[in-house]
Protein chains: 2
Amino acid sequence: MAQSDTVTRILDTAEVLFAERGFAETSLRNITSKARVNLAAVNYHFGSKKALIQAVFARYLDPFSERFHSALDELEARYEGRDIPLEVLLETMATTVLTVPAERNSLKVFMRLLGLAYSQAQGHLRRYIQQQYGDVFSRFTELVRRATPDLPDAERFWRLHFMLGTVIFTLSGLDALRDIAEKDYHQHVSVRDLVRRLRPVVVAGMNAPLPDERDVEHHADTVAH
Amino acid sequence: MAQSDTVTRILDTAEVLFAERGFAETSLRNITSKARVNLAAVNYHFGSKKALIQAVFARYLDPFSERFHSALDELEARYEGRDIPLEVLLETMATTVLTVPAERNSLKVFMRLLGLAYSQAQGHLRRYIQQQYGDVFSRFTELVRRATPDLPDAERFWRLHFMLGTVIFTLSGLDALRDIAEKDYHQHVSVRDLVRRLRPVVVAGMNAPLPDERDVEHHADTVAH
DNA sequence: GTTTGTTTAAAACATGCGTTTTTGTGGCTT
DNA sequence: AAGCCACAAAAACGCATGTTTTAAACAAAC
């Protein structure tokens, strides 16, 4: 019983500290002391700090990947060959993202970790995530492609990342934003409240009119000097 | 002449390294060796690493703040009391953001730094930026408020941050995204090209329909377990 | 009951960090 | 010419980090 308890305690503590302060700013001594575990336990069980970081991600992304795959399976079965509407696809992704960390009560941590994976240098992490979970994302984008046949490929690519940016940025910087929001508007904001607000914005962004070609020149004028 | 040269070389090198790897991951030795400057020069000229970080930001944000203020002055004069359309406000902000770093040829660095300011822990930085440049942002949001009278205050607050997230996330993670985009679509993407694509998405996001109240309950069901 | 393998505990190690101190240098003032 | 001052260079300091090593505890296997 004592065997795996240490591993779990390390992971539980590490994910919180990583999410709060980033990877470089969180030392193994921070983790092990707060987890009331010996310092050497991390290197013993995981091998290195990098491996610990990847393990923290795997504990979120493995269930997510699995569930998202089956959700897409179910969706494809239900629509039996017909294109799945964009709103349904986005909705499915949202609920999957929300479902996974609900079991460990911390969507905030999950999103913050995703944000770190993007923003923090940590080249090994991006590579790990890409090669480990790239196929789920590819499958999703292919379905989105069929759902938006009128959108040029490049435009869809960018808009998907725009929307990804909106969600990750918002939910990962949630604490800071929440502070400002509550100071200015004296109202509490829950994650689900935010997701509710995000939905129409994301959909509208994906369905926005195509950019005007002439804009390019206009900007070129103002930028050059 | 040798006096300020060191300071400039430190700033030039630091901003690039910070943008590439983050603050904690960039040591003073990294900076000073690449800038071919003595290690102690940083602490001599800036006092500390924190102060260096703030100085790097100030070199971008001071001109930005000044120009944005005068751009808004001009705008308010031109509209003499009438509400300024949202598109014009966004456009003005965009061109100001694009103009400032154009002079030092690196919008990418500027946006990446902004992204770091959000995502990286670095409490001192957020405090510094807030107290130093909070008034420009307040002035801007007030004008946005008048431009979108039908939007509830909270909704407008969040949508502004959504859009901020879209832009910062995209432009700060530009290198990674550009790699993927060029691999998939074999086309080069310039920053101005991206801004052109961002514009309709941002406008559409701000003008999206208000969220449906019932959604809250729906999500609550799926999240609980 | 001894042995064996796994886990924890404690200590030590090597490295890199931000910062400080000391010394050297060149130019400007008095 | 002497002194001063701004700056640069080099070295050292103290500290925190990731990792490794050594020793102890403990359960399972024979």
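Note that the structure is a prediction, hence the values are computed from the model and not measured. Convention: sequence-line order gives letters A, B, ...; per-chain numbering from 1.
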Task: Below 4.0 Å: OP1/OP2 of D/dT17 and any side-chain N or O of A/Ser27 - done: yes
Task: Which residues share a ring pair (Phe, Tyr, Trp, His ring centres under 6.0 Å) with A/Phe110, sequence neighbours left out - done: A/Tyr60
Task: Whole-Å gap separating P (C/dG18) and CG (B/Leu17) - done: 12 Å
Open item on the list: Rounded to whole Å, how long is the line connecting atom NZ of B/Lys49 with atom C1' of D/dA16?
Closed with: 14 Å
Taking only nitrogen or oxygen atoms into account, show me every contact under 3.5 Å that the protein makes with nucleotides 20-25 of chain C, one pair per line with its distance.
none

Task: Listed nucleotide nearest any side-chain atom of A/Asn38, set C/dA9, C/dC17, D/dC7 - done: C/dA9
TODO: Find the distance A/Arg9:CZ to C/dA9:C1' and express it as a whole number of Å.
DONE: 14 Å
TODO: Would you please name every residue forming a ring pair (Phe, Tyr, Trp, His ring centres under 6.0 Å) with A/Phe64, sequence neighbours left out?
DONE: A/Phe68
Open item on the list: Whether the side chain of B/Lys49 engages the backbone of B/Phe23 through a donor-acceptor N/O pair (distance < 3.5 Å, no angle test) should be reported.
Closed with: yes
- [ ] Would you kindly give the CD1-to-P distance between B/Ile10 and C/dT19, to the nearest whole Å?
- [x] 13 Å
Task: No-hydrogen, no-angle side-chain donor-acceptor test under 3.5 Å, B/Asn38 and B/Tyr44 - done: no
Open item on the list: Could you work out, with side-chain hydrogen bond (donor to acceptor under 3.5 Å, both in side chains) as the rule, every residue matching B/Arg145, not counting sequence neighbours?
Closed with: B/Glu142
Task: A/Phe46 CZ to D/dT19 C1', straight-line distance once rounded to whole Å - done: 16 Å
Open item on the list: Expressed as a whole number of angstroms, how long is the span from B/Phe23:CZ to C/dC17:P?
Closed with: 17 Å
TODO: Starting at atom CD1 of B/Ile53, determine the distance to atom P of C/dG18, rounded to an integer number of angstrom.
DONE: 10 Å
Task: Any B/Thr6 side-chain N or O less than 4.0 Å from OP1/OP2 of D/dC7 - done: no
Task: Pairing residues for B/Phe46 by the ring pair (Phe, Tyr, Trp, His ring centres under 6.0 Å) criterion, not counting sequence neighbours - done: none
Task: Distance below 4.0 Å between A/His45 side-chain N/O and C/dT8 OP1 or OP2 - done: yes
Open item on the list: Once you apply a heavy-atom cut-off of 4.0 Å, does A/Thr32 come out as touching a base, just sugar-phosphate, or nothing?
Closed with: nothing
TODO: Identify, with sequence neighbours excluded, every residue that meets side chain to side chain contact (heavy atoms under 4.5 Å, CB included) alongside A/Leu17.
DONE: A/Thr13, A/Glu20, A/Arg21, A/Thr26, A/Asn30, A/Ile31, A/Lys34
Task: Of A/Ala41 and A/Arg29, the one whose closest DNA chain C nucleotide lies more 5' - done: A/Ala41
- [ ] Could you state the atom-to-atom distance from CD of A/Glu25 to C1' of C/dG16 in whole Å?
- [x] 16 Å
